[in-house]
Amino acid sequence: MSFVGNQDARYQVAPKCKNVNMVHAEACIELASAYGLVLDEWQANAVRIWFRMTPEGRWCASTWGLSVARQNGKNGALEAVELYLMVVLGFKILHTSHLLTSARKAFKRLMSFFGRKVNDPNAPFPELNAMVVEIRKTNGQEAIELSNGGLIEVGARTGGAGRGSSFDFLIVDEAQEYEEDEQEALEATVSASPSGDPVIVYMGTPPKTDGERGAPFIRVRAAAVTGRSKRSAWVEHSPQGELDKMTEIELQAFVRDRKNWADANPAGGTRIKESTIEGECERLSARSFARERLNMFPAPAEVLELAFTEKALKRLAVSVDEIDFQAPILSFGVDMNPERTKVSVCAVTTAPGDRKHVELAADAPFGVEGTSVLVEWIWDRTKRRVPVVMDAFSPARDLLEAPLKKRGVKVFVLGTEEFTQACGQLYQAVHREKSITWFVEQTHLLESLKATVKEPLKNRPGSFKWNRIDLESDLSPTMAATCALFGSVKFGRRQRSTGGSGERKKRHAMVMG
């Protein structure tokens, strides 16, 4: 029997939506076919998983993903999607790759539809070329703009693609090379999506090493396949099995099983010949073959432990009338979301019973132009007495550390070691010491805490740092609370409540301009 790739993906994860609209999915597949891009069954299935819409016309999933072994044709599915998003829906797309050469290849494939210039007499599809307003071929920053508002910019992430612009779709190709700092910078490009319904698309294969490179991709994939993320549409072609649990003998048998070859390579027998896979299996180590040809990821941290249960959090919640608003502020903690569009500020004060009270003093929209307002707001409540604490990797640090210090505020930045201690301190205070309180009315803080998970640190058994249960959760209030509590112990001084300038001001949420 000839070798044929399995068209059914191991993972076809999609959000649960009532009365799903599939009109755009089928129209996308038909449009691609009309322009010579006939999708394989597995590619069309990926489009159908992604293009699910609510009856109100919004995407069911805000995160799309496709992972399949190399040379199977995942870019064919992506080209069909990009073509439809631009030509029919008029969306703005930022397509990023790790390498400049990959970005150029993607751009050339798009030009095969639209032509090489405005009014191109040699364009293969004149009706598509007639829509072109501009084709920009600037090295590393190529773009095609259409008359209906559709736009795609293509570039390498290392070249600063898309910085300072707003898009509806962010394409992260070669996601196995995607790094944390790139994620922080690029996710901001869709935070103010012109359509108001942004989507991030991840395309890639398992990272070669377990480290920062590829870590965002691993996180997104784990959240999707374990069901932690409720708004992910993920398609993955790989065989059933967990490499981490196999003995060496089991692994050797696993990589030689041709059924596994077919499960991981839907284009097997067409784009990829059986003889090609045979040669790779002979030359590569078993683990390299499992990663490169069988598309096998490390076992997901599926069950990253929730840091705080709702029961534990409610046990420490108090009402407003139980707290002394004249109690001295011991410290502030500050954090921002990765897009720098929201700021969270927590304050820690003394509370009855030798406890400490953690309060979300501000949790509000933020714009960079409002930095001076935020600095003055913090200065007004701290002067030179109350410490302000931030995590070293917080987006807030870049904007606030220097101006706060210049203003005279006592700013402390937690390095990796201290932040780990701070996470452990908050965890202990909630679960064992029960030594803190918070307002039951502050749902933003409690929701953030409920969505916080413990991410174990490598080579440090028992130590952990915070992460969020999925990409939709807001970790900023938890981070601010963690920094504030640690600051109250290490940097704060117990102050006396006095009249005049030392009198405690009533705290409340404040929208930053």
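On a predicted model such as this, the values are computed, not experimentally measured, just so you know.
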[X] and [Y]: side-chain donor and acceptor closer than 3.5 Å?
| X | Y | value |
| --- | --- | --- |
| Ser344 | Asp335 | no |
| Asp474 | Ser476 | yes |
| Arg293 | Gln71 | yes |
| Asp120 | Asn129 | no |
| Asp173 | Ser102 | no |
| Ser193 | Asp197 | no |

Give me the one residue out of Phe51, Tyr202, Trp234 that meets ring pair (Phe, Tyr, Trp, His ring centres under 6.0 Å) with Trp64.
Phe51
Is the distance between the ring centroids of [Y] and [X] under 6.0 Å?
| X | Y | value |
| --- | --- | --- |
| Phe419 | Phe393 | no |
| Tyr178 | Phe217 | no |
| Tyr84 | His24 | yes |

Search all heavy atoms of Asn467 against all heavy atoms of Arg219 and return the closest pair with its distance.
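What the structure gives for the nearest pair is ND2-CD, 3.3 Å.
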I need the minimum non-hydrogen distance between Pro239 and Ala264, along with the two atoms involved.
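Residues Pro239 and Ala264, closest heavy atoms: CD-CB, 3.8 Å.
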Charged N-O contact under 4.0 Å between Arg157 and Glu182:
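Yes.
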Side-chain heavy-atom pair Pro477, Lys342 within 4.5 angstrom cut-off
yes
Which label fits Phe169 and Phe91: parallel for a plane angle under 30°, tilted from 30 to 60°, or perpendicular past 60°?
tilted
